[in-house]
Amino acid sequence: MTQARLMDGTAPARRIVGDAAKKAAGLAERTGTAPCLATVLVGADPASVTYVRMKQNRCREAGVESRHVALPAATTTAELVAKLEELSADASVHGILLQHPVGDRVDERAAFEAIAPEKDVDGVTFASFATMSFGLPGFVSCTPGGILRLLDEYGVDPAGKRAVVVGRSAILGKPVGMLLLARDATVTYCHSRTRDLSAAVREADIVVAAVGRPRLIRGQDIKPGAVVIDAGYNPGDVGDVDFDSAVERASLITPVPGGVGPMTIATLLEQTVDAAARQLGA
Ligand code: NAP
């Protein structure tokens with residue numbers, strides 16, 4: 001068996017950001033207003049600080065303004081909700097990103113629900129999940145949306161295929177399964193209580209790993225010729241898939257880093273510009 005082809009996310013992400021930049025420039029020219037993304041960070045977790053900085057840098061490249069709100073780790077749910085409601089009501093802010101996880105002190109769901117659906121460019125609210133699942137206009141959760149774009153980039157049509165999603169979080173596992181279902185895949189969700197994970201993965205034409213456990217999915221469980229999407233990111237640039245063994249069995253596989261990550265940020269940028277266009281009536 002030959003080695004899998006790499007599903008590079010950096011080149012398509014660059015193109016998506018470039019297109020968003022053109023759209024943002026056109027919008028600024030027509031309306032006199034540049035799209036603006038508010039980033040909200042609670043505490044100073046080093047990984048979260050890095051993620052927010054990457055998103056701000058990408059905003060700058062695309063001509064999208066970013067307004068950063070840094071809140072102390074001791075912020076209460078009520079204080080965070082109040083800040084998000086304030087941003088939701090602020091006409092100069094078009095998109096809101098609450099960097100998560102927000103920590104144990106805060107009710108994350110209550111915070112997400114304080115984001116106005118029309119500014120939910122990270123696709124985290126109940127409203128966004130519902131519109132996405134029903135295939136109605138709205139914002140998709142960014143990592144799942146980026147994964148579907150990556151499949152399209154590499155000519156992978158999910159229709160009729162068996163897709164196994166490992167992980168069922170509200171922002172990643174569940175929504176990516178819903179997007180695959182909407183594209184006519186037969187979807188199985190696995191999670192920490194799944195009895196025989198290996199057996200489930202062995203059935204998959206498309207595997208999406210979204211767990212946060214280094215190298216949990218091993219090459220021996222990958223069906224020869226399967227498409228492997230590794231959304232996991234663990235310390236040391238390690239994914240949830242054992243890349244070295246999986247690359248020998250898969251037909252296509254995402255690298256970590258450089259696969260799903262850049263597509264996530266590109267989707268955020270694209271949705272922020274779209275949100276601004278709608279709010280500015282352009
Ligand atoms: P999460 O909220 O912690 O969810 C992890 C999921 O994995 C849960 O559904 C959990 O099951 C399941 N799980 C845990 N151990 C398992 C096991 N041994 N076997 C099968 N399933 C198991 O994590 P998340 O926020 O979805 O993130 C998952 C990974 O994606 C992390 O590595 C994160 O860093 C990465 N991520 C990457 C991006 C990106 O842009 N590339 C974006 C977001 C997240 P239960 O539900 O039963 O607990």
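Both ligands and their constituent atoms are indexed starting at 1 by order of listing.
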Enquirer: Quick test: of every protein heavy atom, which one is nearest to atom 27 (O) of ligand 1, and how far off is it to 0.1 Å?
Expert: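 For atom 27 (O) of ligand 1, the nearest protein heavy atom comes out as L172 CD2, 3.9 Å.
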
Enquirer: Which distance, rounded to the nearest 0.5 Å, do you find between the CD of E270 and the SG of C142?
Expert: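 E270 CD to C142 SG: 9.5 Å, rounded to 0.5 Å.
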
Enquirer: Treating Y189 as the side-chain partner and K174 as the backbone partner, does any N or O pair qualify as donor plus acceptor under 3.5 Å?
Expert: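 Pair found, side chain donor or acceptor close to backbone of K174.
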
Enquirer: If you take the nearest heavy atom of each of V260, V211, T264, which one is closest to atom 13 (N) of ligand 1?
Expert: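 Among V260, V211, T264, the closest heavy atom to atom 13 (N) of ligand 1 belongs to V211.
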
Enquirer: Considering only the protein, which heavy-atom contact is closest to atom 2 (O) of ligand 1, and what is its distance?
Expert: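 Sorting protein heavy atoms by distance from atom 2 (O) of ligand 1 puts S169 CB, 3.3 Å first.
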
Enquirer: Measure the distance from atom 42 (C) of ligand 1 to every protein heavy atom, then report the residue, atom name and distance (to 0.1 Å) of the closest one.
Expert: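 Sorting protein heavy atoms by distance from atom 42 (C) of ligand 1 puts T143 OG1, 3.2 Å first.
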
Enquirer: Do the numbers put R109 on top of the ring of F126, so that NZ or CZ is under 6.0 Å from the six-membered ring centre and no more than 45° off the axis?
Expert: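 Yes.
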
Enquirer: Please tabulate, for the side chains in residues 25-39, all donor-acceptor contacts under 3.5 angstrom to protein atoms that are two or more places apart in sequence or on a different chain.
Expert:
from : atom 1 : to  : atom 2 : distance (Å)
T31  : OG1    : L27 : O      : 2.7
T31  : OG1    : T33 : N      : 3.2
T31  : OG1    : T33 : O      : 3.3
T39  : OG1    : H68 : ND1    : 2.8

Enquirer: So for ligand 1, is A231 a polar contact partner (N or O within less than 3.5 Å, distance only)?
Expert: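 Checking ligand 1 against A231, an N or O pair does fall under 3.5 Å apart.
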
Enquirer: Quick one: look up the protein heavy atom nearest atom 17 (C) of ligand 1 and list residue, atom name and how far away it is.
Expert: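 Going by distance alone, atom 17 (C) of ligand 1 is nearest to L216 CD2, 3.9 Å.
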
Enquirer: Which residue and non-hydrogen atom of the protein lie closest to atom 31 (C) of ligand 1, and at what distance in Å?
Expert: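 Ranked first by proximity to atom 31 (C) of ligand 1 is G212 CA, 3.6 Å.
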
Enquirer: If we count only N and O atoms by modelled type, under 3.5 Å, do the side chains of T264 and T267 hold a donor and an acceptor together?
Expert: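 Checked: T264/T267 side chains show no N/O donor-acceptor pair below 3.5 Å.
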
Enquirer: Consider only side-chain N and O atoms of T77 and D107, and report whether a donor and an acceptor are under 3.5 Å apart.
Expert: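 Side-chain D/A pair, T77 to D107: absent.
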
Enquirer: Which residues pass the side chain to side chain contact (heavy atoms under 4.5 Å, CB included) test with A159, not counting sequence neighbours?
Expert: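 So A159 forms a side chain to side chain contact (heavy atoms under 4.5 Å, CB included) with D157, D184.
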
Enquirer: Using a 4.0 Å cut-off to any heavy atom of G167, which atoms of ligand 1 qualify?
Expert: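 Result: 6 (C), 7 (O), 9 (O).
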
Enquirer: Please indicate whether any nitrogen or oxygen in D240 is less than 3.5 Å from any nitrogen or oxygen in ligand 1.
Expert: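 No, D240 has no N/O under 3.5 Å of an N/O on ligand 1.
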
Enquirer: Give me the nearest non-hydrogen protein atom to atom 34 (O) of ligand 1 as residue plus atom name, then the distance to 0.1 Å.
Expert: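 Answer, as residue, atom name and distance: Y233 O, 3.3 Å.
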
Enquirer: Could a heavy atom of G173 be found less than 4.0 Å from some atom of ligand 1?
Expert: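 It does not; every heavy atom stays at 4.0 Å or beyond.
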
Enquirer: For ligand 1, does T194 get within less than 4.0 Å through its side chain, its backbone, both, or neither, judged by non-hydrogen atoms?
Expert: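 Contact part for T194 vs ligand 1: neither.
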
Enquirer: Using distance alone, decide if ligand 1 has a nitrogen or oxygen within less than 3.5 Å of any nitrogen or oxygen in S192.
Expert: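 Checking ligand 1 against S192, an N or O pair does fall under 3.5 Å apart.
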
Enquirer: Looking only at distances, please establish whether an N/O atom of ligand 1 is found under 3.5 Å from an N/O atom of R193.
Expert: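 No, there is no polar N/O contact under 3.5 Å.
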
Enquirer: By the definition side-chain contact (heavy atoms from CB on, under 4.5 Å), identify the one residue from V164, V228, V208, V241 that meets it with I217.
Expert: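 Only match with I217 under side-chain contact (heavy atoms from CB on, under 4.5 Å): V241.
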
Enquirer: Could you verify whether a donor N or O on one side chain and an acceptor N or O on the other, from E118 and Q279, lie under 3.5 Å apart?
Expert: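 No.
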
Enquirer: Would you tell me which option among I171, L197, V201 has the nearest heavy-atom contact to atom 25 (O) of ligand 1?
Expert: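 Looking at heavy atoms only, I171 sits closest to atom 25 (O) of ligand 1.
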
Enquirer: Have a look at R213, H191, R168 and point out the one with the heavy atom closest to atom 8 (C) of ligand 1.
Expert: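 Answer by nearest heavy atom: R168.
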
Enquirer: Looking only at side chains, do S128 and D120 share a donor and an acceptor under 3.5 Å apart?
Expert: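 Looking only at side-chain atoms, D120 and S128 do form a donor-acceptor pair, the distance falling under 3.5 Å.
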
